[in-house]
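Some notes on the structure that comes next.
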There are 2 protein chains.
Amino acid sequence: MRYVRSDDHRHHFPNGELYGGELVRPFECPERWDFIVEALHDRGFRDIVDPLPLDDVRLAAVHDPDYLQFLSTAWRQWTDAGFTNDALPTVFPARGMSQVCPEHIDGKLGYYAFALETAITAGTWRAATASAAIAQTAQKLVTGGDRAAFALCRPPGHHAAADLYGGYCFLNNAALAASGFLADGAERVAILDVDFHHGNGTQSIFYDRADVLVLSLHGDPRHEFPHFLGHADERGRGPGVGFNVNYPMAPGTPFPVWSEALTDACRRIGEHGPEAIVVSLGVDTFEGDPISSFELRADDFTTYGRMIGRLGLPTVYIMEGGYAVEEIGHNTVNVLTGHLEAG
Amino acid sequence: MRYVRSDDHRHHFPNGELYGGELVRPFECPERWDFIVEALHDRGFRDIVDPLPLDDVRLAAVHDPDYLQFLSTAWRQWTDAGFTNDALPTVFPARGMSQVCPEHIDGKLGYYAFALETAITAGTWRAATASAAIAQTAQKLVTGGDRAAFALCRPPGHHAAADLYGGYCFLNNAALAASGFLADGAERVAILDVDFHHGNGTQSIFYDRADVLVLSLHGDPRHEFPHFLGHADERGRGPGVGFNVNYPMAPGTPFPVWSEALTDACRRIGEHGPEAIVVSLGVDTFEGDPISSFELRADDFTTYGRMIGRLGLPTVYIMEGGYAVEEIGHNTVNVLTGHLEAG
């Protein structure tokens, strides 16, 4: 399995994220990438592909033009306003308030953000676009004939909606890969999101579409981030009804329960009959993850990689979350290895 | 003019507010109160009234029961979740997301908050309810025959909606005073908000009502907090159409321009014919205010106090914002003095 990576991720690493009422070192840190690269190398994944230039037209098919304009200029607007720290939003358009984007950067940040762990830095746009290019390139490899490819994206993407950032995500890498498959001729695609957190951005981007089946296994949003999407009754809208499937699970969920949900998800993917699948691969379901509450063990990642591999479909793995930094590499590679064993 | 105050405000003072991407000492600090008390004393306002106990029934007429339940238990829920710093929200129900309150305190904070300068501490509920009691008591003084009274509220209130906190505000003191006048027999009331920032909470609480005329002079929300309400085209809803009047003004607005808006507001108050008025008195329109951008000078506060006094109406002044700490006392008392000169 080839994998796509770029050092450009290092341009994004905020000084702090808001957690527990204080600014702490972000759990989403560059060493995550290092540990994954090391584990890939150690376990024989050495066929590295550099990302192709980002296809802006395809990016604009996933994200709103005003949002992209904002993200690409936010740092300049922030520093022009006299601020020197990383940019964090301070005020949000809550229910009953106007949903119109203000002109001052302080208001714009709150208009486009939904969460506070996701600061914008001088290098955020560069890193986010590089990450998006990695996802696009991995999709191209699979469209071109590879049975599977791994996009080592950082920053992650599945929380980013058409015009919202948050949850460490700015551009939705998985959505880009899925829409890339469609643009290159596929009629049906599935996105399987196994990150601990609900892929609210991915869900919202495809919520009224029947050609992209979106399935997400995650911590129940009543108890877990992102808190405001990911309920079981969110099934899609209009022609998309039935093509969004959420599997919210309680804190402490162990692998036997989790894997039952995955079995059901795989069955639904089979019924959908996609030409390709995109896996939003977060390994924060791991029992040792510092900000998640599932109980998967290292071997479970191999097991479920096999389950996905047995679908026998062209597959792009997109790196999402996982914050038990020292274990993230092996857990990630366990999934990829399991996939190859089944293939 | 009698004034109502309580030392209980000292129970609320968070360690930090999010500003410019970092946690800084809150601009809304206890010394504000000290400087106002000192200026009142120095200039002969020595008739101090202790607040009566808070009337919970009247509080529940302004704020939703679930919101009050949240505010009164938020600190306990936060510490039960293992957090030790002041409580700040991290994730918000943005557009397109579910508007259902989660069960975890992290989600609840984001559901009920709209801004990040407003941390909840161990003593927040005590201070906020004391501040509300002060407003209620001042209203009672005026209902009882005082021509005017000053409620030295801290924390302030005009940004708090029926079920939202932010902008340093938890309970809407001005709304409590206005609804108190109605409950005590008035048929029509007016709220005049002269704080630099739009009184979004007050507007939203009375937005569909014709008995409470709400007028606000403030920095244009396209450029200034709270960014998502306060536009000139927000005129009320249903029977309330025409009973909400916003005067958004550009950064750098000087007193001659500002006072033209006040003249128009006073004309509208006269047309409304209220039995009493509530003034949301923020003095952050002052030229030296660190987080505002109008250009009023100390004498201008006296001048506009006279303009309000010339309305000849029973008046409750409710303390709101003002962050040029050393000048806040004299600017506040200038308004009260101007009022008395006209009366």
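Quick note on labels: first sequence line is chain A, next is B, and so on, each numbered from 1.
- Interface remark: B:E22 contributes backbone and side-chain atoms alike to the contact with chain A (heavy atom separation under 4.5 Å).
- Put simply, CG on A:N200 and OG on B:S98 are 11.5 Å apart, with the number rounded to the nearest 0.5 Å.
- In this structure, no portion of B:Y207 lies under 4.5 Å from any heavy atom of chain A.
- Neither the backbone nor the side chain of B:P14 comes within contact range of chain A, judged by heavy atoms closer than 4.5 Å.
- Residue A:S204: no heavy atom, backbone or side chain, is found under 4.5 Å from chain B.
- Inspection of non-hydrogen atoms places B:D163, B:L164 of residues 161-173 of chain B under 4.5 Å from chain A.
- Scanning all heavy atoms of the two residues, the minimum distance from A:F114 to B:A94 falls at CB-CB, 3.7 Å.
- Scanning residues 213-225 of chain B against chain A with a 4.5 Å non-hydrogen threshold yields B:P221, B:R222, B:H223, B:F225, sorted by number.
- One finds the CG atom of B:L23 at 10.0 Å from the CG atom of A:N85 (value rounded to the nearest 0.5 Å).
- Of all the listed residues (A:V91, A:T118, A:I120), the one sharing the greatest number of non-hydrogen pairs under 4.5 Å with chain B is A:V91.
- In this structure, A:F92 has its ring center under 6.0 Å from that of B:F92.
- Looking only at heavy-atom pairs under 4.5 Å with chain B, the residue among A:G20, A:G16, A:A115 that has the most is A:G20.
- A:L18 approaches B:T90 most closely through the heavy-atom pair O-CG2, 3.4 Å.
- In this structure, chain B has heavy atoms under 4.5 Å from both the backbone and the side chain of A:F228.
- Note that CZ of B:R95 and CE of A:M97 are 13.5 Å apart. Values are rounded to the nearest 0.5 Å.
- Annotation: side chain of B:L116 is in contact with side chain of A:L116 (closest heavy-atom distance under 4.5 Å).
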